[in-house]
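First comes the structure, then the notes that go with it.
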Amino acid sequence: MEEQVVLVSEKDEILGVMDKMQAHENGILHRAFSVFLFNDKGEVLLQRRAAGKYHSPNQWTNAVCSHPRANETYIDGARRRLHEELGIHADLTQKFHFIYKADVGGNLFEHELDHVFTGNYNGEFQLNKDEVSEVRYITMEMLDEEMKANPEHFTEWFKIILQEYKHHL
């Protein structure tokens, strides 16, 4: 069964649910969350999306980006995806939310009311290879340099979310 996303107004009022692919093809506003994880050195975790992903394969992005299910809170969805993608558990804190729209190629659009969480993690990972090919920690300074030199290596939404993150924090 196709995964569904929760459609919302700009005020986060639930309007219904829709197949994820249909929402992305039509650029319809839906709920999402993004997680930034840091280690004790203050480095941010990046994940490289698996080669088999239907959009943005092999690109680097933040620890987790996904969608809460119907009747699931943002934070519960974020915790679920941390476990499903990276095989970990971490304490998360919600920092802010905002709306963005990004063309991710292939006539697909992410139009999301995105709740951004942060957390700390220093342990081992059990990667779900269908979702994530590798992970690494990087300083924010090195990340900025890499993004300037090779923006095509990073997901479109991560570029937007990172700027919002820096603006809010």
Side-chain angles (χ1 to χ4, degrees), residues 3 5 20 24 30-68 72-106 108-169:
E3 186 177 337
V5 294
K20 179 172 73 169
H24 289 167
H30 57 276
R31 285 182 170 175
F33 53 79
S34 299
V35 177
F36 284 82
L37 286 181
F38 297 88
N39 63 16
D40 286 344
K41 298 178 197 172
E43 297 167 321
V44 64
L45 181 75
L46 299 182
Q47 69 147 278
R48 179 175 262 171
R49 290 169 57 84
K53 297 295 280 183
Y54 73 94
H55 71 75
S56 311
N58 297 313
Q59 289 185 315
W60 291 98
T61 196
N62 52 297
V64 170
C65 292
S66 192
H67 310 97
E72 181 179 53
T73 65
Y74 286 97
I75 195 160
D76 286 344
R79 289 179 182 134
R80 173 178 52 81
R81 291 306 288 173
L82 276 178
H83 183 68
E84 290 173 355
E85 293 185 26
L86 305 177
I88 66 169
H89 297 281
D91 289 332
L92 299 176
T93 303
Q94 184 171 339
K95 294 298 185 176
F96 62 92
H97 65 275
F98 74 110
I99 294 174
Y100 75 94
K101 189 170 188 178
D103 183 339
V104 296
L108 299 174
F109 301 88
E110 291 284 8
H111 188 192
E112 298 183 332
L113 174 62
D114 192 26
H115 283 244
V116 179
F117 297 89
T118 62
N120 288 11
Y121 186 77
N122 293 286
E124 298 295 315
F125 298 93
Q126 299 295 319
L127 302 183
N128 176 342
K129 292 298 187 174
D130 291 334
E131 298 285 339
V132 181
S133 62
E134 64 182 299
V135 293
R136 65 184 168 119
Y137 283 102
I138 187 171
T139 65
M140 288 296 243
E141 295 77 21
M142 288 298 298
L143 176 57
D144 286 342
E145 289 179 25
E146 277 191 39
M147 285 184 120
K148 284 178 190 159
N150 299 295
E152 71 280 3
H153 292 181
F154 298 89
T155 64
E156 290 304 313
W157 64 87
F158 180 48
K159 296 171 195 173
I160 295 167
I161 295 165
L162 184 61
Q163 290 308 309
E164 282 293 318
Y165 176 84
K166 290 176 180 178
H167 172 74
H168 284 279
L169 305 174

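Quantities reported herein were computed from a predicted structural model and do not represent experimental measurements.
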Value rounded to 0.5 Å, distance of [atom1] in [X] from [atom2] in [Y]:
{"X": "N62", "Y": "L162", "atom1": "CG", "atom2": "CG", "answer": "8.5 Å"}
{"X": "L143", "Y": "E43", "atom1": "CG", "atom2": "CD", "answer": "11.5 Å"}
{"X": "D130", "Y": "E85", "atom1": "CG", "atom2": "CD", "answer": "11.0 Å"}
{"X": "R136", "Y": "W60", "atom1": "CZ", "atom2": "CH2", "answer": "4.5 Å"}
{"X": "F125", "Y": "L82", "atom1": "CZ", "atom2": "CG", "answer": "9.0 Å"}
{"X": "I99", "Y": "D114", "atom1": "CD1", "atom2": "CG", "answer": "10.0 Å"}

Contact between [X] and [Y] at the side-chain level, heavy atoms closer than 4.5 Å - yes or no?
{"X": "F158", "Y": "C65", "answer": "no"}
{"X": "E131", "Y": "K53", "answer": "yes"}
{"X": "R31", "Y": "E112", "answer": "no"}
{"X": "E156", "Y": "E110", "answer": "no"}
{"X": "I75", "Y": "Q94", "answer": "no"}
{"X": "K95", "Y": "H168", "answer": "no"}
{"X": "E72", "Y": "R80", "answer": "yes"}

*With distance as the sole test, does Q47 use its side chain to make a donor-acceptor pair with the main-chain N or O of V135 at under 3.5 Å?*
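No, because the side chain of Q47 does not come within donor-acceptor range (under 3.5 Å) of the backbone of V135.
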_N/O donor-acceptor pair under 3.5 Å between H30 side chain and H111 backbone_ =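 Looks like yes, one N/O pair under 3.5 Å.
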So does [X] have more than 12 non-hydrogen atoms from other groups sitting under 6.0 Å from [atom1]?
{"X": "E152", "atom1": "CD", "result": "yes"}
{"X": "K166", "atom1": "NZ", "result": "yes"}
{"X": "N150", "atom1": "CG", "result": "yes"}

How close do [X] and [Y] get, counting heavy atoms only, and between which atoms?
{"X": "F117", "Y": "A78", "value": "CD1-CB, 4.2 Å"}
{"X": "K129", "Y": "S133", "value": "NZ-O, 2.9 Å"}
{"X": "R81", "Y": "V64", "value": "CB-CG1, 3.5 Å"}
{"X": "P57", "Y": "A51", "value": "CB-O, 3.3 Å"}
{"X": "L127", "Y": "E134", "value": "CD1-CA, 3.8 Å"}

*Per the side chain to side chain contact (heavy atoms under 4.5 Å, CB included) rule, which among H115, H167, E164 passes with F98?*
E164
*side chain to side chain contact (heavy atoms under 4.5 Å, CB included) partner of L45, chosen from N120, I138, L86, N39*: L86
*Measure up the F36 and Y165 rings against each other and bin them: parallel (under 30°), tilted (30 to 60°), perpendicular (over 60°).*
parallel
*asked:* Ring-plane angle category for W157 and H55, please: parallel below 30°, perpendicular beyond 60°, tilted otherwise.
replied: perpendicular
_Between Y54 and K20, is the side chain to side chain contact (heavy atoms under 4.5 Å, CB included) condition met? List the steps._
CA-CA 12 Å; Y54 73 94; K20 179 172 73 169; 3.6 Å; yes
*Would you check if there is a donor-acceptor pair between the side chains of H97 and Y74 at a distance under 3.5 Å?*
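Checked: Y74/H97 side chains show no N/O donor-acceptor pair below 3.5 Å.
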*Please check if the distance between the ring centroids of H83 and H89 is under 6.0 Å.*
yes
